[in-house]
Amino acid sequence: KRLAILASGSGSNAEKIMAHFRHSDKAEIALIASNKSDAYVLERAKKFDVPTFTFSKKEMDAGVLLEKLQEEKIDWVILAGFLLKIPVELTRAFPDRMLNIHPALLPKYGGKGMYGAHVHEAVKAAGEKETGITIHLVNENYDEGKIVFQASTAIDELDNPDSIAAKVHELEHKYFPQVIEELLLKQEDQ
Ligand code: GRF
């Protein structure tokens, strides 16, 4: 299976996924694509010899990204810190084959604007006792795709958005690669 990872920022999740599949015979990270030509994720791709592709929102909306993914015969699209809304055509081209990771326990704290530190600020402000990660399939309504996996972590009094972010990142790095692998295996059985 050929996987493409879409990311807009640092790409720590992308790196964990590339490392996880580096010697795998089940899946290959065939492309790292970003809408930011200076995104650090592109540096991480170079370290793993994974081809990269950058595009603008305009190009994505015009179908350029979809063409590239089809050209590269991509089977799965993994969103790992990708901050643009995926065009409907793109979600339709990968039905049940596009995964996103959200740094909170959906359906709470999802939707517009709930990304990056904003999510952890909102969780802290609401006095939540726990938060976590949600890995879900991406459909046209974005954060409402089928939830595939969730893991939680406790929030205590002394936690602030930064320490919450660190706990959430730890869950992401621990679980995202293996959840992807298990999904690929399940799909193969079908
Ligand atoms: C992660 O917290 C992820 O949940 C969110 O964006 C962040 C990406 O972090 N969607 P990184 O770029 O993988 O370090």
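None of these values were measured; they are calculated from a predicted model. One-based numbering, in listed order, for ligands and for the atoms of each.
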Problem - ring-ring contact (aromatic ring centres under 6.0 Å, His included): pairs with one or both residues in residues 2-29, sequence neighbours excluded - result: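 As it turns out, there is no ring-ring contact (aromatic ring centres under 6.0 Å, His included) pair with a partner in residues 2-29 once direct neighbours are skipped.
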Which residue holds the protein heavy atom closest to [atom], what is that atom called, and what is the gap in Å?
atom                    : answer
atom 6 (O) of ligand 1  : Gly81 CA, 3.3 Å
atom 10 (N) of ligand 1 : Ile101 O, 3.2 Å
atom 9 (O) of ligand 1  : His169 NE2, 3.5 Å
atom 14 (O) of ligand 1 : Ser12 OG, 2.5 Å
atom 12 (O) of ligand 1 : Gly11 N, 2.7 Å
atom 2 (O) of ligand 1  : Glu172 OE2, 3.0 Å

Exercise for the section: State, with a plain yes or no, whether a side-chain heavy atom of Glu121 is found less than 4.5 Å away from one of His118. Expected result: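 Glu121 vs His118: side chains touch.
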Practice task
For residues Ser152 and Leu105, determine if any side-chain heavy atom of one lies less than 4.5 Å from a side-chain heavy atom of the other.
Solution key: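 The answer is yes; the side chains approach within 4.5 Å.
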Exercise for the section: Please name all residues satisfying ring pair (Phe, Tyr, Trp, His ring centres under 6.0 Å) with Phe94, sequence neighbours left out, ordered by chain then number. Expected result: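 Result, ring pair (Phe, Tyr, Trp, His ring centres under 6.0 Å) vs Phe94: none returned.
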Handout entry: Other residues, nucleotides, ligands: >12 heavy atoms within 6.0 Å of Lys36 NZ
Key =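 Open.
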Exercise for the section: Taking atom types as modelled, find out whether His173 and Ser12 have a side-chain donor-acceptor pair closer than 3.5 angstrom. Expected result: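 Per modelled atom types, His173 and Ser12 side chains form a pair under 3.5 Å.
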Practice task
Say whether Asn13, considering both its backbone and side-chain N or O atoms, lies within less than 3.5 Å of an N or O atom on ligand 1.
Solution key: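 By distance alone, the answer is yes.
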